[in-house]
Amino acid sequence: MDTCVIVWFRKDLRVHDHQPLIRAAKSSLPVLGVYSFDPDEYSDTAYGFTKTDLHRAQFIRESVTDLRDTLSDIGVPLLIRHEHPANTFASIRKEMNIESVFLHEEIGSEEQQVEQAVRSELPGTTFVVDHGHNLYHPDDLPFDIQDLPDTFSQFRKKIEKNGTMVRPSLHPPKHVQGADLPFNPGEPPSLSELGLEEPEREPRYRGGSSNARQRLMGYVFEKDRLRMYKETRNGMLKEDDSSKFSPWLANGCLSPKIVYEQILKYEAERVKNKSTYMLYFELLWRDYFHLVHRKHGNRIFFPSGLRDVEVPWNYNKAHAEAWREGKTGYPLVDAAMRELKETGFTSNRARQNVASFFTKNLGLDWREGAAWFESQLVDHDVASNYGNWLYIAGVGNDAVQFRAFNVEKQAKDYDPEGAYLRYWLPELKNVPAPWIFNPREMGMVEQEQYDVILGEDYPLPIVDLLAAMQERKSVFLDAMQNE
Ligand SMILES: Cc1cc2nc3c(=O)[nH]c(=O)nc-3n(C[C@H](O)[C@H](O)[C@H](O)COP(=O)(O)OP(=O)(O)OC[C@H]3O[C@@H](n4cnc5c(N)ncnc54)[C@H](O)[C@@H]3O)c2cc1C
């Protein structure tokens, strides 16, 4: 039997800045790459919808195909299977001796359980685990993980005061001795094999590190958008309002260190301003949520969150469904939720608003909202998703006691012409500002004039915005007092 070493790819679908691949290449044994589409990741959640819907599934399929091609360019075959990873490793072991497995660390408990199952299949094999998902290496932080500050702002100040350095990104090996496969390398499963339907529209973002690089260079240098990021980042409609790096960052097609290096290059060659700092600042938020997850473990999934506040969340199937389908009667919420369902993406501003509406107006259990985001988002990242939901729900890392977004005011402030709302809500396409922000206030005359009948073409509001918010505020503050 041949002996090999394995690079096990999970949420690190790239060859650049990949320490496990470099270690494997240096091992002087033939190298095999492995990726398993784990059926558990495509199963139904307790809420009745799938854990990974078609947008992310399609993105991952494309990313794995791209990974296979880029690995092949340096001589490494990629074994692709649709089964539990433990089964994949068990069948490899029947054909080959596996000396070592090189992999990046995943901090999620589900991922760690899967890793344990794989380790149990390979008792004599060495596992070498590296950190590879963040700007800052955990060993370089100026504090122990248990002392991670409770707010982002304190964390940022500590990092900046200490002058913590981002380690340089790593070049991929030029040529690697690949393993000879005694079996078929396999293909990514089709969407229907994953239990999903074909998408109705072309994917908004295409997976793979080649597309990641194209977006990075296009946004930063070719379109020269980085210089105005701070001014445009809250826009909801245009692709270049923000970087849109998240789908590739979340699936590991792009290393955040590469983004950081391009920011520095841009600052040296073109301009260093508040926008260039702001993009780094956002990447730091990402690091922060990953550290929060590392520190608190499964507590980030508790309904009481990090604050340990027992908030009595509501359960209302009809409200949850109206929210998911974009039929709440509040245009900003509806536009964002339809965009999310149709494309797997919506902007940060929109995410904040719909999450606030879900928890602070409807008063629903934030975990159901987070699970829907997990299902739909092409850029789903456990720590960023659950960390942001905790924050918005008021049980995470926000020092403010009760913070709620007024979704009508936010629409006026961030979409003053109503262009975003009209784009995603065709039934309101003839409704001008200011009616577009609160269609419920239109009388019969306006409804006929603008060709929309409330309650028929567009829903009436499912709750009274301000009354519901006041009610939730008192429920929340009572819960805080009993903390
Ligand atoms: C309720 C909620 C859920 C979210 N879920 C996710 C998620 O599952 N995955 C995810 O990557 N982001 C999540 N975010 C954060 C943020 O909305 C997205 O990262 C951002 O919209 C992606 O667009 P962009 O790449 O154009 O961001 P940009 O504004 O261009 O920011 C650059 C990068 O910084 C990081 N970043 C920016 N804002 C945040 C933030 N608040 N938290 C963590 N990282 C951030 C992302 O990696 C992003 O790609 C969530 C935010 C909210 C409010």
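Just so you know, these numbers use all the heavy atoms, side chains as well, and skip hydrogens, waters and symmetry mates. All residue numbers refer to positions in the sequence shown, counting from 1. Start at 1 and go down the list; that is how both ligands and their atoms are numbered.
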No-hydrogen, no-angle side-chain donor-acceptor test under 3.5 Å, Asp139 and His131: no
Sub-6.0 Å ring centroid separation between Phe152 and Phe281: yes
From the candidates Ala355, Ala370, Ala250, Ser384, the one that places a heavy atom nearest atom 43 (C) of ligand 1: Ser384
Distance filter under 4.0 Å to Asp381 heavy atoms, resulting ligand 1 atoms: 7 (C), 8 (O), 9 (N)
Ligand 1 contact on Ser246 by region, counting heavy-atom pairs under 4.0 Å: both
Residues Glu41, Lys11: salt bridge by 4.0 Å N-O rule: no
Aromatic contact, His296 with Phe302 (centres under 6.0 Å): no
Glu339 side chain to Tyr420 side chain, donor-acceptor N/O pair below 3.5 angstrom: yes
Arg23 NZ/CZ over Phe102 ring centroid, <6.0 Å and within 45° of normal: no
Donor on one side chain, acceptor on other, Asp140 and Thr164, under 3.5 Å: no
Check: Trp389 N/O within less than 3.5 Å of ligand 1 N/O: no
Asn385 and ligand 1 - part of the residue with a heavy-atom distance under 4.0 Å: both
Nearest-contact summary for atom 23 (O) of ligand 1 - protein heavy atom, Å: Phe345 CZ, 3.4 Å
Proximal atoms of ligand 1 relative to Phe373 (non-hydrogen, under 4.0 Å): 1 (C), 2 (C), 3 (C)
Side-chain donor-acceptor pair present, Gln112, Gln116, cut-off under 3.5 Å: no
Nearest non-hydrogen protein atom, atom 28 (P) of ligand 1: Tyr229 OH, 3.3 Å
Numbering as shown, the atoms of ligand 1 that approach Leu249 to under 4.0 Å (heavy-atom distance): 47 (O), 49 (O)
Protein contact to atom 50 (C) of ligand 1 [nearest heavy atom, distance to 0.1 Å]: Asn388 ND2, 3.4 Å
Ser242: numbered ligand 1 atoms lying under 4.0 Å from its heavy atoms: 24 (P), 26 (O), 29 (O), 30 (O)
NZ or CZ of Lys230 within 45° of Tyr277 ring axis and under 6.0 Å: no
Within 6.0 Å of OH in Tyr423, more than 12 heavy atoms from elsewhere: no
Those atoms of ligand 1 less than 4.0 Å from some heavy atom in Phe289: 42 (N), 43 (C)
Residue pairs involving residues 239-256 (criterion side-chain hydrogen bond (donor to acceptor under 3.5 Å, both in side chains); sequence neighbours excluded): Asp17-Ser255, Arg204-Glu239, Tyr205-Glu239, Arg215-Asp240, Lys223-Asp240, Ser242-Lys244, Ser246-Asp379
Short N or O distance, His380 and ligand 1, threshold 3.5 Å exclusive: no
Residue, atom name and distance, where the atom is the protein heavy atom closest to atom 18 (C) of ligand 1: Arg351 NH1, 3.7 Å
Listed once per pair and sorted, the salt bridge (Lys or Arg N to Asp or Glu O under 4.0 Å) pairs that draw on residues 315-324, sequence neighbours left out: Arg324-Glu368
N/O separation below 3.5 Å, Leu377 to ligand 1: no
Asp334 and Tyr458 side chains, donor-acceptor separation under 3.5 Å: yes
Protein residue, atom and distance nearest to atom 33 (C) of ligand 1, heavy-atom basis: Leu283 CD2, 4.0 Å
Nearest neighbour of atom 24 (P) of ligand 1 from the list Lys244, Arg349, Arg225, on a heavy-atom basis: Lys244
Ligand 1 to Glu282 polar contact by distance, N or O atoms, under 3.5 Å: yes
Backbone or side-chain N or O of Ser347 under 3.5 Å from ligand 1 N or O: no
Nearest-contact summary for atom 11 (O) of ligand 1 - protein heavy atom, Å: Asp379 O, 3.6 Å
Ligand 1 N/O within reach of Trp285 N/O, cut-off under 3.5 Å: no
Polar atom proximity, Ser243 to ligand 1 (N or O, under 3.5 Å): yes
Residues, nucleotides or ligands: over 12 heavy atoms within 6.0 Å of Glu417 CD: no
Distance from atom 16 (C) of ligand 1 to nearest protein heavy atom, with residue and atom: Asn348 OD1, 3.3 Å
